Amino acid sequence: MTTRRVGRLPDDLTSFVGRRGAITQVKRLVSASRLVTLTGVAGVGKSRLAIRVARDLRRAFPDGIWLVELGKVLPGDDLAQVLVSSLGLEPSDLPPEAALADQLADKRMLILLDGCEHLLDECVPLVGDLLAAAPEVRVLATSRAPLALAAERVWPVLPMVMPRVDREGHVVQRATGFEVLELFADRASAVLPGFVIGPANEALVVRLCRQLDGLPLAIELAAVWMRSLSVEEIVDRLSDRYRLLTLGDRSGLPHHRTLRAAVEWSFDLCSPTEQAVWARLSVFAGGFELDAAEAVCVGDGVTVEDVFIGVAGLVEKSVLVKEDQPATRTRYRLLKTIQEYGRERLGGGAKELALRRRHRDHFLLLAEHVDAEWLGPHQVEWLTRLRQDRSNLRAALDFCRTEPGEGHEGLRMAAALRFFWAAGGSLREGRYWLDEMLQAVSEPGQQRARALTTNGLVSAMQGDTEAARALLAEARDAARRAEYGSVLALTTHIAGLVDLLRNENAAATSRLAEALERREMLQHDGVALLSLPNLALLAAFRGDCERAVELCEECREICEEHGELWGRSWAELVLGLARWRQGDFPAALAHVHECLRIKQLFNDVPGMLMAIELEAWLSATQGRVARAARLSSAVAHLWRPLGRYLFGLERYLGWHAEADARIRNALPTAELRAERSRGAEYTLDELIRFALGERPPAPSEEEPVRLTPREREVARLVAQGLSNRQIAEQLVISKRTSDSHIEHILAKLGATSRAQIAVWVAEQP
């Protein structure tokens, strides 16, 4: 005998793929709450997830699970009557609202209201009355905006998680096991039997899914094209995704059939203000903060209040994604699909040009502000901000390059981003944009002189010292003609670095000594400040370690005064080198580790590897040859993509050779091979932990560090680079109290330096 199935829930025509964690969480919510609403952007899979959850909960609802599709219901229709008909209730002479209350009062059922977003005004009172009248009835709703009832629990349905890729687009994590790829493989194999994702096509499929924002609807529509196109051909044709992704399910609701229909449905549900803000926000690339949105979008009839209300409304309607990240400043982003539709509604022409120019102006001002404030306590914060806005910076620079008459601003911007290129590990990209802008603007002047100087610095740090010399020669000539004294003086500092990197040590010493005659530059220019540790390094090369220590201590004093960290990290490195050469091994190791911890904050890969290489030399000198072999092997392996090994400095290469000889003479061949093999397998994070003697704690043993509110406040100020005295002044406490707080923080964190406190603060949500 078969059991009658109570309710109305359609069978899946295609298999349900992924969302295992979401299914579990939503089922828990439904068991604990009487109203659960799944929200999310168009095409993210709210309906399919709700139906799958409902199907799994059948046994819990003896009176059935009933799907009510609201997509075809128009505003103004009698929604209560729609529910009466959809729930299979008995005919009644009562008004529909009363009939619902009467016949559902003793029922234990789950009602799935699918697609509430265009009927919120009708849904809210009806659902509220229904829940009050029928205590055993539960409602699972899908909507692009919450119902905003007191009993409601909202579950945001997010795009599917994507494998992580590096800057070149290579897959960093193994793609196997990602639900987004399972979905594409399942749908593609349905139209192309035998299709599988493997090493030959994995990177392309990941790229495709990333371009589609991980939206299930978009991925399913793209997979249909596997019948006639390859993955690579689909990726190539995604420049117009709305034309390509049109082969949807003809049996579905109209706004579920194609990607364009789904997005248009969302746009039509927005207010005129929200529509205007949506279109204007499309000029952003990646993400943005509210102040950026206001700076760019205000004007031509749109006020600051309109932008604020529009952003809030678009977040509420799941058009804007509020980024989930450990930051004090809230960031938002438009998925590419949503952004492209907004750009289309913007319409091009003078209006879009004005918006793109305001977008460029905002990020130009940000770049110049960071440059002016670099020699201060917020370097890590500034670099984080610029990294978050990397896509916007690229878009602004590209606008300057491609739009006639905008090249001078692009030149300003590329030069102003000098610390983003140099300290932020973006030398290759910096060189590219500087070359492009210098080619676009050939007229001599102050901006060209400044850009040439910055390009000379970036080229030198890349190891291209020939190009750096030529750029600096042109920069000096341009600065003299424009009577630009500060840039002219700066070229001497950078020229000294170039001589150092060319192993012309006598010329470098002379040039840096000349540059340092203008001591006042050290107090306001972070590039000039580096001449102190560079000159100290040259002193250490010739055996004058006392002079090296003296110069590094001067650098550290200036850094302490300003709360500066990047220049200090180089001073710590050279101090470690000098103390090693003097035979003070504990002090040398302390300086090396301090350097490494600071450079972690900047993600300064060459600097971190140089510090670890120095620790390898130190270990070899102390007879810890196995450790030295592993460290040295790891550094050599990780340095390969960076260019000239150990910056090509002959003295560094000589010390490396001496350490290598000690290692080979002391270790048996098998043990040497094993240590080097182990080192070559290290990731950068693993190498840093090994060098610092840190081990990742087991999850069960990891206890959260508990700081008092005041200690947290002090820790944040330490992370900003403030000295103990500056912290005391800011918090209006005595310096002794400030010292005591920092001692307690170090003890609780198990830390030994201020840099470790800064790392801990950066990791906190």
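Values in this document were obtained by computation on a predicted structure and should not be read as measured data. FYI, side chains are in, hydrogens and waters are out, and symmetry mates aren't considered; it's all heavy atoms of this structure.
Between the side chains of Gln462 and Arg431, at least one donor-acceptor pair of N or O atoms lies under 3.5 Å. Side-chain N/O atoms of His593 and Glu572 include no donor and acceptor closer than 3.5 Å. Side-chain atoms of Arg597 and Gln600 form no donor-acceptor pair, as typed in the model, at a separation below 3.5 Å. A donor-acceptor contact under 3.5 angstrom links the side chains of Ser426 and Arg390, judged on distance only.
Paired with Met413 under the rule side chain to side chain contact (heavy atoms under 4.5 Å, CB included), one option of Leu364, Leu365, Leu366 passes, and it is Leu364.
Counting only distance, with no hydrogens or angles, the side chain of Thr384 and the backbone of Val380 share a donor-acceptor pair below 3.5 Å. With hydrogens and angles disregarded, no donor-acceptor distance shorter than 3.5 Å links the side chain of Arg476 to the backbone of Thr453. In this structure, the side chain of Arg644 engages the main chain of Leu501 through a donor-acceptor pair within 3.5 Å. Without hydrogens or angle criteria, Asp389 side chain to Gly286 main chain gives no donor-acceptor distance under 3.5 Å. Of the possible polar contacts, none joining the Glu474 side chain to the Leu452 backbone as a donor-acceptor pair under 3.5 Å is found.
Salt-bridge annotation for Arg518 and Glu520: present, with a side-chain N of the basic residue lying under 4.0 Å from a carboxylate O of the acidic one. A salt bridge links Glu615 to Arg627: at least one charged side-chain nitrogen sits closer than 4.0 Å to a carboxylate oxygen. Contact check on Arg581 versus Asp544 returns no salt bridge, with no Lys/Arg side-chain nitrogen under 4.0 Å from an Asp/Glu carboxylate oxygen. Ion pairing between a basic and an acidic side chain is recognised when a charged N comes within 4.0 Å of a carboxylate O; Glu681 and Arg678 show such pairing. A salt bridge is defined here as a Lys NZ or Arg NE, NH1 or NH2 lying under 4.0 Å from an Asp or Glu carboxylate O, and Arg547 with Glu550 meets this definition. Salt-bridge annotation for Glu560 and Arg556: absent, with no side-chain N of the basic residue lying under 4.0 Å from a carboxylate O of the acidic one. Salt bridge annotation for Asp398-Arg401: present, with a cationic side-chain nitrogen under 4.0 angstrom from a carboxylate oxygen. A salt bridge links Arg412 to Glu368: one of the charged nitrogens lies within less than 4.0 Å of a carboxylate oxygen. A salt bridge links Arg469 and Glu504; the closest N-O separation between the charged side-chain nitrogens and carboxylate oxygens is under 4.0 Å.
Annotation: side chain of His408 is not in contact with side chain of Met437 (no heavy-atom distance under 4.5 Å). Residues Leu596 and His591 form no side-chain contact, since every pair of their non-hydrogen atoms from C-beta on lies 4.5 Å or further apart. Under the 4.5 Å side-chain criterion, counting only non-hydrogen atoms from C-beta, His493 is in contact with Leu516. You'll find the side chain of Met608 reaches within 4.5 Å of the side chain of Asn603, heavy atoms only. Within the 4.5 Å cutoff, the side chain of Asp371 has heavy atoms near those of the Arg450 side chain. Between Cys555 and Leu529 there is a side-chain heavy-atom pair separated by less than 4.5 Å. You'll find the side chain of Asn534 stays beyond 4.5 Å of the side chain of Val574, heavy atoms only. Within the 4.5 Å cutoff, the side chain of Glu675 has no heavy atoms near those of the Ser633 side chain.
Interatomic distance, CG of Asn455 versus CG of Leu434, reported as 4.5 Å (0.5 Å rounding). Atom CG of residue Leu631 and atom CG of residue Leu609 lie 11.0 Å apart, to the nearest 0.5 angstrom. Note that the CG atom of Leu472 and the CG atom of Leu457 stand 8.5 Å from one another [nearest 0.5 Å]. Taking OG1 of Thr465 as the reference point, atom CG of Asp499 lies at 9.5 Å (rounded to 0.5 Å). Distance CG/Leu522 to OG/Ser531: 7.5 Å, rounded to 0.5 Å. Taking CD1 of Ile742 as the reference point, atom CD1 of Ile727 lies at 4.0 Å (rounded to 0.5 Å).
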Run Leu731 and Arg710 through side chain to side chain contact (heavy atoms under 4.5 Å, CB included) and show every step you take.
CA-CA 10 Å; Leu731 299 180; Arg710 174 62 92 181; 3.4 Å; yes

Give the C-alpha distance, both sets of side-chain angles, the deciding distance and a yes or no for side-chain hydrogen bond (donor to acceptor under 3.5 Å, both in side chains) between Gln388 and Arg385.
CA-CA 5 Å; Gln388 288 172 338; Arg385 178 96 177 266; 5.6 Å; no

What's the verdict on side chain to side chain contact (heavy atoms under 4.5 Å, CB included) for Asn724 and His741, showing C-alpha distance, side-chain angles and the deciding distance?
CA-CA 10 Å; Asn724 290 21; His741 281 312; over 6 Å; no

Let's go through Cys552 and Leu532 carefully: what are the C-alpha distance in whole Å and the side-chain angles of both, what is the deciding distance for side chain to side chain contact (heavy atoms under 4.5 Å, CB included) to 0.1 Å, and is it a yes or a no?
CA-CA 6 Å; Cys552 287; Leu532 285 170; over 6 Å; no

Decide side chain to side chain contact (heavy atoms under 4.5 Å, CB included) for Leu577 and Val592; before the verdict, give the C-alpha distance in whole Å, the side-chain angles of both, and the deciding distance to 0.1 Å.
CA-CA 8 Å; Leu577 177 66; Val592 168; over 6 Å; no

Under the ring-ring contact (aromatic ring centres under 6.0 Å, His included) rule, what do Phe420 and Trp374 come out as? Steps first, then yes or no, please.
CA-CA 10 Å; Phe420 181 54; Trp374 177 258; over 10 Å; no

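Aromatic ring pairs are classed by plane angle as parallel below 30°, tilted from 30° to 60° and perpendicular above 60°; the pair Trp382 and His378 is perpendicular. Between Trp580 and Trp617, the ring-plane angle classifies as tilted under the 30° and 60° cut-offs. Taking the six-membered ring for Trp and thresholds of 30 and 60 degrees, Tyr652 and Phe647 have ring planes inclined between 30 and 60 degrees apart.
Checked against a 6.0 Å centroid threshold, the rings of His637 and Tyr682 do not count as neighbours. When ring centroids are compared, Phe602 and Phe419 stay outside the 6.0 Å threshold.
Within a 6.0 Å sphere centred on CZ of Arg542, heavy atoms belonging to other residues, nucleotides or ligands number more than 12.
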